[in-house]
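What follows is a short report on a single structure.
Counting starts at 1 for both ligands and their atoms, following the listed order.
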Amino acid sequence: MDDRTSRLREAFAARIAQAQSSDALESLRVEYLGKKGHIADLMSSLREVRKEDKKEFGQRVNQLKSQIEAQLVEARDRLEILEEQRMIDQAEDYDVTMPMSLETGSYHPITLIQREMEEIFRTMGFTIEDFSEIVDDYNCFEALNIPPYHPARDMQDTYYLSTGQLLKTHTSAAQNSIMRKYGAPLRAIFPGRCFRNEATDACHENTFFQMEGIMIDKDISISNLIYFMKKMLSEVFGQDVTVRLRPGFFPFVEPGFELDIQCLICGGDGCPSCKNSGWLELCPCGMIHPNVLRYGGIDPEEYTGFAFGLGLTRLAMMKYGIKDIRTLNSGSLSALSQFTGK
Ligand code: PHE
């Protein structure tokens, strides 16, 4: 019984060592693993094996089958590497008289807008912070006054990882760490990539950028919030934009607002980029909830603060007139290089 599997194993090893092309590997695969191949043959001879040996025989054949599969994959990879090397060797016979291209790359619109925003806030005394894209439940939800049973968790379809961690659904996930890192008073912005399991269309993407900002000090009020929002928008657009402030609910701010700007693509008439409403939700914001300050180690009796979550991707769309949000992740150089600007 042993004999047949080991003979087959040896024969295969000899054959595969000689196979020098993907065609040769394929015929070897058919010969051994195909419907009428050696392994199938062995399997059908199971009938003739003594009852008490059947189990062991089956195991041996299966083991041999997996070994053959693995060796075929390995051989295929090896051939691919050899083939690549051959192509590289050939390419080295290049023509030195060929004209050279001096084209340079261009910045992604998100990079451009992010740098611009960073500059605006830097001059207003804000520090700029980076934060991981993989966060834990505590930072993304609990520290933001969103306990496990809270219905607000439904607002964000979250990508969970097998480790129990998750891809951050909003830049607010960094609030707690930054409060703990610096304490109060504090002015910080933290741009970052966010992920939500959403169906995509002209104005929704599952991967997008936000830029969070927080300012915490004694006596910070809604008028400070409105001042900074207006200042930021007039600087970035270099023109007056029409904005409106509506009440908005977020468990980590109280009161909370939605700051909308009139769509600059259609001028407010309604188009697919603004869901035909003429307005775009650009910057949810509000006064930081006392619990959130407390979780961040800051005494809410002494300090107050505001927070905003600017939609950096939407801002880029408005600023550069990008009609479909999906263009931004498309990797299409012809589309993206139009926005080089600087
Ligand atoms: N994190 C919220 C969101 O992405 C936005 C927000 C940030 C709201 C800061 C209020 C204050 O939906």
**Prompt:** Hey, which atoms in ligand 1 end up nearer than 4.0 Å to a heavy atom of Phe252?
**Reply:** 1 (N), 2 (C), 6 (C), 7 (C), 8 (C), 9 (C), 10 (C), 11 (C)
**Prompt:** Is any side-chain N of the basic residue among Glu69 and Arg29 closer than 4.0 Å to the acidic one's carboxylate O?
**Reply:** no
**Ion pair check, Glu80 and Arg76, cut-off under 4.0 Å** = no
**Item:** Any N/O pair Gln210/ligand 1 closer than 3.5 Å
**Value:** yes
**Message:** Donor-acceptor pair, distance only, cut-off 3.5 Å: does the side chain of Asn197 make one with the backbone of Tyr159?
**Reply:** no
**Message:** Can you tell me how the ring of Tyr32 sits relative to the ring of His38, calling it parallel under 30°, perpendicular over 60° and tilted otherwise?
**Reply:** perpendicular
**Message:** Using a 4.0 Å cutoff against the non-hydrogen atoms of Cys285, which atoms of ligand 1 qualify?
**Reply:** 10 (C), 11 (C)
**Message:** With respect to Arg196, determine whether any N or O atom, backbone or side chain, lies less than 3.5 Å from an N or O atom of ligand 1.
**Reply:** yes
**Prompt:** With a cut-off of 4.0 Å, which atoms of ligand 1 are near a heavy atom of Glu212?
**Reply:** 7 (C), 9 (C)
**Request:** Look at ligand 1 and say whether Met211 reaches it with a heavy atom at a distance under 4.0 Å.
**Result:** no
**Item:** Atoms of ligand 1, numbered as shown, that sit under 4.0 Å from any heavy atom of Gly309
**Value:** 7 (C), 9 (C)
**Message:** Salt bridge or not between Arg50 and Asp53? Use side-chain N to carboxylate O under 4.0 Å.
**Reply:** yes
**Asked** Do Arg196 side-chain atoms and Asp157 backbone N/O form a donor-acceptor pair below 3.5 Å?
**Response** no
